[in-house]
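Structure first, commentary second.
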Amino acid sequence: MTTEIESILVENRVFPPPADLVKQANVSGMEGYQALCDEAKRDPDAFWARLANENLVWTKPFTQVLDESRAPFYKWYPDGRMNVSANCLDKHLGTPAENRAAILFEADDGQVTKVTYKELHARVSQFANALKSLGYQAGERAIIYLPMSIEAVVAMQACARLGIIHSVVFGGFSSKSIHERTVDVGASLVITADAQMRGGKSIPLKDAVDEALAMGGCDAVRKVITYKRAGSDVQWHADRDLWWHDVIQGQSTDCPPVAVDADHPLFILYTSGSTGKPKGVQHSSAGFLLWSLMTMKWTFDAKPTDVFWCTADVGWVTGHSYVAYGPLAAGVTQVVFEGVPTYPDAGRFWKMIQEHKVTIFYTAPTAIRSLTKLSEADPKVHPKSFDLSTLRIIGSVGEPINPEAWVWYYNNVGGQRCPVIDTWWQTETGAHMITPLPGVTPLKPGSCTLPLPGIDAAIVDETGEEVERGKGGFLVIRRPWPSMIRTIWGDPERFKKTYFPEELKGYYLAGDGAQRDKDGYFWIMGRIDDVLNVSGHRLGTMEVESALVAHEMVAEAAVVGRPDDTTGEAVVAFVVLNGPLPQGDQAAAVAKQLRDWVAKEIGPIAKPREIRFGENLPKTRSGKIMRRLLRVVAKGEPITQDVSTLENPGILEQLAQVR
Ligand code: PRX
């Protein structure tokens, strides 16, 4: 483990919570928050039992809260049984929520479709019955490769209804990524669409699935179900392929939910780590849903009258907790958006907030930063040109939000009225961990503030000892919590080693560096491992390196991150080719070829922003690549560090040249 923690700008401004929110929020005032924290501290089991009993519908109630006997393979509510879909849909039937809009879907071209809770229940049940009639059962794995759509939510909920474990692959990922995940989870079902519509363009999806399945090793896949979105041409394999609209034909809208063990895997979601291979993060049913729901209520203060909009794609964890599950369990109306924030123009988000009367808006700093630039350049797309007065809470997720972006968001989108809720969490944590609460926490721009009740977050040194306030260290969670990762699918050893290293006293190691200020507020300082954060998306440097060296022209590659005003970090690759150093136009042509190659291997988000060529990479005498120096070169800064341990210091000058 290394701590390369850079100092950060600590903001001094404090924004108190709005008085009306303090008065009527689900968690009201600092006393309300403190009371919950005290309750959790006094008797954690009783606290987590109370929440699970009061907020989930159980088919068989649990008698034990937490089984620690095989730590860190914790089991929550081990003898309880329930169904996630029943907790998101069936529980609203026969209540005032049943005729409420569950989803307001806005397509890329602006067309809006409204689905009530009752209708969504029927659609999910019908699709689940279709899966059942094809012989699918609890425990099987399904790959979902769908655009943002009502169908994506239906597919995930239908799997949950039957206990089928889904693994959603982001629509921007390549056929190779689909292939890797299909093989790793041993999927027997793939659910996809002919294409997705983004920014007026149709991008094929089924083709990528076909390519992936042709790569071999996917023999377990019995059926591919395709939702017709764009009406584009697709290849058809009669023995394997089925249309979505055909399989639901004649299926009943009544499908009893299948009760599963509380810890039955709800989904596996792949995320980047510090090796070349993404990890399949396995989440549970009850624990995951409980915390997605509680954070809807606490962090977002969700009420039945709210119109909630989380802009994340269902391909990321945020789209699991805060699109497919949490909002439905909370019974709010949510907006689901197919398109991109800049089409037909950069006012799209604000126009949608205005039209759908959104009250809670949740997006990523990258989106805010890019829309700031575009809005400041064109008053027509500036948030001030829209009526955003329905908003009461605005959230941020995925990466540190710099104070400038925070203040712009607060002033221009939140009208200096809505608290900016900067939520720190991870794919592995399932839902929010450290976050302000709208009716509780005085805000400091750039800080995710305080841990949620029950979350025992701390900053520790290499031995697990808590560090003094103001000092940097490793962010850990000292006690298990219900929505935590259960294991890495198929690799329990890696799970243990990565998240519960022996030297850290059994604490969960988040992989972020952080510090706490004098008020106990947390300030996240970035990853301590070789993981980059590009536009709020996690990317392993090794993953990009493996993709590069898989190209026949490449002998060696090292990838680092460079700070970027819009995307947070940008990928910079240093490449040694098999052959002479390319010059001029030839270098540009090879760089383009390699960037396209990475897009094909992983997905466009992994494309290096810049590729630098050298005859070698800076290495120590023992052959270790000095990434620390490459990071300096990538920033275009002069090397002031001691380079005497380098075997080939001259190489730095060569790599500093942009060809
Ligand atoms: O480095 C932290 C950063 O994103 C990482 C988790 O990425 P992922 O698993 O893709 O989940 C993203 C959506 C939850 C963390 O280790 N991160 C996430 N939220 C914040 C953040 N960094 C600073 N502030 C945040 N609010």
Side-chain angles (χ1 to χ4, degrees), residues 4-6 8-9 11 168 170 172-173 267-274 278-281 283 288 291-292 295 299 310-323 326 362-369 394-403 405-406 409 420-436 441 443-452 457 474-477 483-485 488 498-499 508-515 521-540 543 561 563 567-569 603 605-606:
E4 270 186 36
I5 290 168
E6 289 167 18
I8 45 149
L9 170 73
E11 262 279 332
V168 181
F170 172 55
F173 279 151
F267 65 86
I268 301 158
L269 186 61
Y270 284 80
T271 190
S272 298
S274 48
K279 308 172 273 201
V281 172
H283 275 290
F288 170 82
W291 209 226
S292 299
T295 49
T299 313
C310 164
T311 66
D313 192 283
V314 289
W316 310 110
V317 72
T318 313
H320 284 61
S321 318
Y322 301 108
V323 177
Y362 191 34
T363 196
T366 274
I368 298 161
R369 287 191 294 261
I394 55 178
S396 169
V397 58
E399 52 183 315
I401 176 162
N402 48 311
W406 193 105
Y409 193 32
V420 175
I421 302 298
D422 176 7
T423 58
W424 177 86
W425 59 296
Q426 310 175 292
T427 305
E428 293 87 343
T429 69
H432 303 155
M433 299 294 279
I434 307 179
T435 175
T441 324
L443 306 172
K444 300 185 191 183
S447 168
C448 54
T449 75
L450 299 169
L452 282 163
F474 303 119
L475 176 56
V476 296
I477 313 296
S483 67
M484 67 195 298
I485 172 177
I488 293 174
T498 311
Y499 301 112
Y508 168 82
L509 177 68
D512 279 348
Q515 67 176 44
Y521 276 38
F522 285 76
W523 298 79
I524 306 294
M525 293 181 287
R527 299 287 307 189
I528 53 168
D529 51 14
D530 295 321
V531 171
L532 306 182
N533 194 324
V534 181
S535 300
H537 302 316
R538 240 162 100 167
L539 210 55
E543 224 177 313
T567 55
E569 271 184 301
I605 53 166

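Numbering of ligands and ligand atoms starts at 1, following listing order.
In the model, Thr295 has a side-chain atom that pairs as donor or acceptor with a side-chain atom of Tyr322 under 3.5 Å.
Under the rule for a side-chain contact (heavy atoms from CB on, under 4.5 Å), the partners of Leu443 that lie at least two apart in sequence or sit in another chain are Phe15, Trp406, Pro419, Pro436. Partners of Glu428 according to the side-chain contact (heavy atoms from CB on, under 4.5 Å) rule, which considers only residues two or more places apart in sequence or in another chain, are Thr271, Lys279, Val281, Gln426, Ile485, Tyr499, Tyr508, Arg538. Every side-chain contact (heavy atoms from CB on, under 4.5 Å) that Thr423 has, sequence neighbours left out, goes to Thr299, Tyr362, Val397, Ile421, Trp425, His432, Thr435.
Taking the six-membered ring for Trp and the full ring otherwise, the centers of Tyr270 and Phe173 sit at least 6.0 Å from each other.
A salt bridge links Glu399 to Arg369: one of the charged nitrogens lies within less than 4.0 Å of a carboxylate oxygen.
Within 4.0 Å of ligand 1, protein heavy atoms come from Thr318, Val397, Gly398, Glu399, Pro400, Asp422, Thr423, Trp424, Trp425, Gln426, Thr427, Asp512, Ile524, Arg527, Asn533, Arg538.
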